[in-house]
Amino acid sequence: MIDSRRFRSVYAAVLMFTLLAGDAWRYTISWYGFGVVIVALLTISVLLLVRERRHWKVRTLPLPLLLFLGLATASIAWSFYPGASVLGVAAQLATTTAALAAAVTLSWDAILTALGRALRAIVGLSIAFELIVAFIIRQPVLPLWVDYGTDMPPLMLLWSRNVLLTGDRIQGVVGNASTLAFLALLALVVFSIEVASGRLRRVWGALWLALAVLAIALTRSATITLAIVASLVIVAAVLLVRRADTARSRTAVYASIATVLA
């Protein structure tokens with residue numbers, strides 16, 4: 001089963017979703033459920049690395065990565081909070097193991113496909129979640145399986161603040177407006193690549209691009225808006241430079257872009 005292309009495709013999509021939207025797991029199935037998901041993904045990652053051991057060696061891994069992991073592990077010895085440090089290092093090692101498994105066993109096309117599927121799930125579920133809260137539940141929602149011992153917990157602890165119809169910033173299944181805005185921007189980039197490369201049909205691509213733009217608009221993130229503007233400037237710059245015939249015209253284009261970005 002572990003050698004099945006379908007199995008690895010599902011594993012990759014779930015892995016990407018978990019890396020990008022771990023809070024969605026914690027808010028729905030609790031920290032214990034999230035722990036089960038992590039253990040399952042880590043187990044599969046280790047099995048894949050063992051299965052593909054002929055394709056990678058520890059000595060071929062990037063030296064900065066190995067040095068960082070070594071320093072992080074050694075820091076437990078002088079940490080004032082050794083328990084928390086052990087948990088942090090364990091999380092880092094688990095994440096690195098999963099990333100290595102993905103890099104070793106998946107092609108770039110497979111990684112892009114998995115990332116696109118994960119982002120479609122995040123964007124789609126976020127918009128659907130906020131619609132359900134706004135039209136059916138009609139009140140703020142706390143993470144499931146959590147009792148804060150008060151009728152009015154701090155706003156930062158709310159999973160959804162039920163603000164879709166009030167014009168405030170939605171938080172989606174990740175429970176954070178800024179995180180959702182970043183993921184929606186990433187989705188915009190990935191979906192555009194999928195459409196341009198033919199991996200995603202134009203009709204579906206247009207739909208998902210529209211949903212990503214809608215998610216960005218509903219999060220009302222000034223930072224992401226500026227990032228989009230900067231990205232458009234860079235894209236325009238690349239197109240202008242490619243069409244520039246002389247070194248002087250290219251220099252003029254570069255100067256104009258620098259002025260705009262400044």
Side-chain angles (χ1 to χ4, degrees), residues 10-45 84 86-99 102 111 114-134 136-137 139-150 152-164 168-191 208 211-212 214-224 227:
V10 173
Y11 156 78
V14 175
L15 178 65
M16 293 294 180
F17 180 90
T18 303
L19 289 172
L20 296 173
D23 285 330
W25 288 121
R26 292 189 284 271
Y27 292 161
T28 52
I29 60 177
S30 77
W31 277 92
Y32 298 105
F34 177 64
V36 172
V37 172
I38 293 302
V39 170
L41 289 173
L42 181 59
T43 301
I44 295 172
S45 298
V86 169
L87 289 176
V89 171
Q92 178 62 62
L93 292 175
T95 304
T96 303
T97 300
I111 291 175
L115 184 58
R117 289 172 176 170
L119 290 169
R120 280 191 285 278
I122 294 170
V123 171
L125 288 174
S126 292
I127 294 177
F129 172 60
E130 293 292 349
L131 286 171
I132 292 173
V133 172
I136 298 177
I137 301 177
Q139 65 180 10
V141 177
L142 284 167
L144 305 180
W145 314 104
V146 175
D147 182 9
Y148 291 102
T150 177
M152 187 57 67
L155 291 177
M156 65 179 296
L157 298 179
L158 292 173
W159 188 6
S160 172
R161 295 183 292 133
N162 185 28
V163 294
L164 179 63
D168 206 342
R169 305 176 67 196
I170 67 167
Q171 299 175 182
V173 292
V174 295
N176 185 287
S178 297
T179 301
L180 179 58
F182 162 72
L183 293 175
L185 176 59
L186 180 60
L188 194 62
V189 174
V190 172
F191 298 165
W208 284 111
L211 289 176
L214 177 61
I216 293 173
L218 292 175
T219 57
R220 291 170 172 77
S221 173
T223 302
I224 297 303

Does some side-chain heavy atom of [Y] sit less than 4.5 Å from a side-chain heavy atom of [X]?
X	Y	answer
F34	I38	yes
L214	I127	yes
V14	L41	yes
R120	F191	yes
T95	L19	yes
V173	Y27	no
L15	I44	no
L119	M16	no

**Request:** Check whether the side chains of Q92 and T96 place a donor and an acceptor atom closer than 3.5 Å, and report yes or no.
**Result:**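 Present: a donor and an acceptor within the cut-off.
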How far does [atom1] of [X] sit from [atom2] of [Y], to the nearest 0.5 angstrom?
X	Y	atom1	atom2	result
S178	R169	OG	CZ	4.5 Å
L183	I122	CG	CD1	5.0 Å
R161	D168	CZ	CG	4.5 Å
T219	L180	OG1	CG	6.0 Å

Minimal non-hydrogen separation, [X] against [Y], with atom names:
X	Y	answer
L185	A227	CD2-CB, 3.9 Å
A184	A215	CB-CB, 3.9 Å
A134	N162	CA-OD1, 3.4 Å
S45	A98	OG-CA, 3.6 Å
S221	A181	CB-CB, 3.6 Å
W145	T28	NE1-O, 2.8 Å

**Message:** Out of the candidates I132, V133, I170, only one should pair with L164 under the side chain to side chain contact (heavy atoms under 4.5 Å, CB included) rule; please name it.
**Reply:**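 Checked I132, V133, I170 against L164; only one passes side chain to side chain contact (heavy atoms under 4.5 Å, CB included): I170.
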**Request:** May I ask you to check whether F129 and W159 place their ring centres under 6.0 Å from each other?
**Result:**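 Ring-ring flag for W159/F129: true, centres closer than 6.0 Å.
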